[in-house]
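Take a look at the structure set out below.
Atom set for the values below is all heavy atoms of this structure, side chains included, hydrogens, waters and symmetry mates excluded. Chain letters run A, B, ... following the sequence lines, proteins first and then strands; every chain starts at 1.
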Number of protein chains: 2
Amino acid sequence: MSQDRPEPPTLLYLIKQVELASRAGLDELTRPAGLTALQYTALTVLERHPDLTAARLARNSFVTAQSMADMVTALLDRGLIDRHRDPRDRRRLVLSLTDDGRRLLDRLRPGVTALETRMLAQLPATAPAELRRLLEACRQGLGTPAEDRAS
Amino acid sequence: MSQDRPEPPTLLYLIKQVELASRAGLDELTRPAGLTALQYTALTVLERHPDLTAARLARNSFVTAQSMADMVTALLDRGLIDRHRDPRDRRRLVLSLTDDGRRLLDRLRPGVTALETRMLAQLPATAPAELRRLLEACRQGLGTPAEDRAS
DNA sequence: GTTTAATCATCAGGAAACCTGTTGATTACT
DNA sequence: AGTAATCAACAGGTTTCCTGATGATTAAAC
């Protein structure tokens, strides 16, 4: 009766836990630069996928365009990103990293890499690839956010 | 030149992606009940670890006690949790689920389980255990949040 | 080709979740 | 006894998210 077995947490919860822990670490790294973890993440997405619009960026992050607008404004104000109209679709405002944004990412990257290394420290060398495979399948299962659609 | 290799995202980013997707799914499930995904998660933690304080709950979620206070207040106001002083340490206000809170969790659980199942749908039956093992090691590596300390 | 529908950006307003900094009460350490 | 650590809470503020509405532009339907 009072003998309740620990009841293992769900996988959903474990994922949240790891994300929370990594966000805390990321925040620590990016705070000195005046960036939040989410802003840093958005910058890395723009680095990997140039010429995204705010709307696409929002879908990629499973949030509404209005939510993303707040962050885009912050990054614009700090001069880390830039934007211009797409001549082929004049509704679209295409985002791109500025040189300042690129420099900031380059400066932060080593710390982030170290954080990831620390996360994986206890695991064998084969684990990262395995974890990647599993996570990508999970993302797929939950409905991948229309990404990686090259020109 | 315009041939940029996709540059695989970091594992930290993949974890965030899966968490974002799962949070979106969770929010959809819990919104009808007037709960956010985070509030639901806090309730499940209290279910698995009765007699936690808000401070412990905060550490468990890698946030400050002040941040957790907002959510605790919301859950108290909705009558989903309760609290009382710990007679052995009168600084502590111990949290516990109310019957209403327990009922709500029971009602939401099937949907959450289905969400997790959907996430894992593409993977073989051995994957969940493997994923759990990897994620637990990651959490450990990032500094586990003083949990699972039974009485 | 004109109407209809979808998409993009944006404004307004608000809620939730985070933070720093401070204070007072209680317990633990010395 | 006195210092340090912990817990809860107050004040005030930022970031991140939402719904709802609007105008501009493109795509689809008729």
Side-chain angles (χ1 to χ4, degrees), chain A residues 16 19-21 23-28 30-43 51-78 80-95 146 149, chain B residues 16 19-21 23-28 30-43 45 51-78 80-81 83-95 146 149:
Chain A
K16 184 166 303 230
E19 199 277 331
L20 282 169
R23 173 151 59 125
L26 253 185
D27 260 323
E28 231 173 279
T30 59
R31 188 178 310 267
L35 271 190
T36 67
L38 273 170
Q39 289 168 350
Y40 169 81
T41 302
L43 287 181
D51 300 331
L52 278 184
T53 64
R56 268 181 180 286
L57 198 55
R59 278 196 295 269
N60 185 72
S61 301
F62 300 92
V63 299
T64 62
Q66 292 90 331
S67 303
M68 190 50 74
D70 293 334
M71 204 165 58
V72 167
T73 302
L75 294 175
L76 280 170
D77 287 351
R78 308 187 80 248
L80 299 174
I81 64 175
D82 213 354
R83 62 180 178 183
H84 60 276
R85 286 235 171 262
D86 182 346
R88 284 182 305 249
D89 185 344
R90 295 214 310 286
R91 289 170 303 185
R92 293 188 167 155
L93 278 174
V94 172
L95 305 175
R149 220 64 57 78
Chain B
K16 185 167 304 233
E19 199 277 329
L20 281 169
R23 174 152 57 124
L26 252 185
D27 260 323
E28 230 173 280
T30 59
R31 188 178 312 269
L35 270 191
T36 67
L38 274 169
Q39 288 168 353
Y40 169 80
T41 303
L43 287 182
V45 173
D51 299 331
L52 279 183
T53 64
R56 268 181 182 285
L57 198 54
R59 279 197 295 269
N60 186 72
S61 301
F62 299 93
V63 299
T64 61
Q66 291 89 333
S67 303
M68 191 51 73
D70 292 335
M71 204 166 57
V72 167
T73 302
L75 295 176
L76 280 169
D77 287 352
R78 309 188 79 249
L80 300 174
I81 64 175
R83 62 180 177 182
H84 59 274
R85 287 237 170 258
D86 181 348
R88 282 181 306 248
D89 184 344
R90 295 215 309 286
R91 289 171 303 185
R92 292 189 166 154
L93 277 175
V94 173
L95 305 175
R149 221 62 60 79

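Atom CG of A:D77 is separated from atom P of D:dT14 by 14 Å (rounded to the nearest Å). Look at CG on A:L20: it is 10 Å from P on C:dC19, rounded to the nearest Å. One can place CD of B:Q39 at 16 Å from P of D:dC17, the figure rounded to the nearest angstrom. D:dC17 atom P lies 16 Å from atom CD of B:E28, rounded to whole Å. A:F62 places its CZ atom 17 Å from the C1' atom of D:dT16, with the value rounded to the nearest Å. Distance B:M68 CE to D:dA9 P: 14 Å, rounded to the nearest Å. Atom pair B:L38:CG and D:dT16:C1' shows a separation of 12 Å (rounding to whole Å applied). If you measure from atom CG of A:D89 to atom P of D:dT26, you get 6 Å, rounded to the nearest angstrom.
A donor-acceptor contact under 3.5 Å is formed by the side chain of A:Q66 with the base of D:dG20. Residue side chain A:D70 reaches the base of D:dC17 through a donor-acceptor N/O pair under 3.5 Å, judged by distance alone.
Judged by distance alone, with hydrogens and angles left aside, the side-chain atoms of A:T30 form a donor-acceptor pair with the main-chain N or O of A:L35 at under 3.5 Å. Put simply, the side chain of B:R85 gets close to the backbone of B:R91: a donor and an acceptor are under 3.5 Å apart.
Relative to the side chain of B:R83, the nucleotides D:dC17, D:dA9, C:dT26 differ in distance, and D:dA9 lies closest. With distances taken from any side-chain atom of B:S67 to the nucleotides C:dT26, C:dT10, C:dC19, the minimum falls on C:dC19. Proximity note for A:R59 (side chain, C-beta onward) versus D:dC18, C:dC8, D:dA11: the nearest is C:dC8. Nearest nucleotide to the side chain of A:T36, out of C:dA17, C:dT27, D:dT15: D:dT15. In this structure, the nucleotide among D:dA8, C:dC18, D:dT26 sitting nearest to the side chain of A:R91 is D:dT26. Here the nucleotide nearest the side chain of A:A54, chosen from D:dC18, C:dA17, C:dA9, is C:dA9.
Of the inter-residue distances, the one linking A:L20 atom CG with B:L38 atom CG reads 7.5 Å to the nearest 0.5 angstrom. Note that the CG atom of A:L43 and the CZ atom of A:R78 stand 9.5 Å from one another [nearest 0.5 Å]. In this structure, CE on B:M68 lies 9.5 Å from CG on B:L95, to the nearest 0.5 angstrom. With rounding to the nearest 0.5 angstrom, the CG atom of B:N60 is 7.0 Å from the CG atom of B:L52. The distance from the CZ atom of B:R83 to the CG atom of B:D51 is 14.5 Å, given to the nearest 0.5 Å.
Contact annotation for B:R23: backbone-only contact, meaning every heavy-atom pair under 4.0 Å involves sugar-phosphate atoms and none involves a base.
In the helix from C:dG1-D:dC30 to C:dT30-D:dA1, the terminal helix axes, each the rotation mapping four pairs' C1' atoms onto the next four within five end pairs, subtend 40°, rounded to 10°.
You'll find the side chain of B:D27 reaches within 4.5 Å of the side chain of B:T36, heavy atoms only.
Remark on DNA chain D: of its neighbouring residues A:R88 and A:A74, the 5'-side contact belongs to A:A74, judged by nearest-heavy-atom nucleotide. If A:T64 and A:D86 are placed on DNA chain D by their nearest nucleotide, the residue sitting closer to the 5' end is A:T64.
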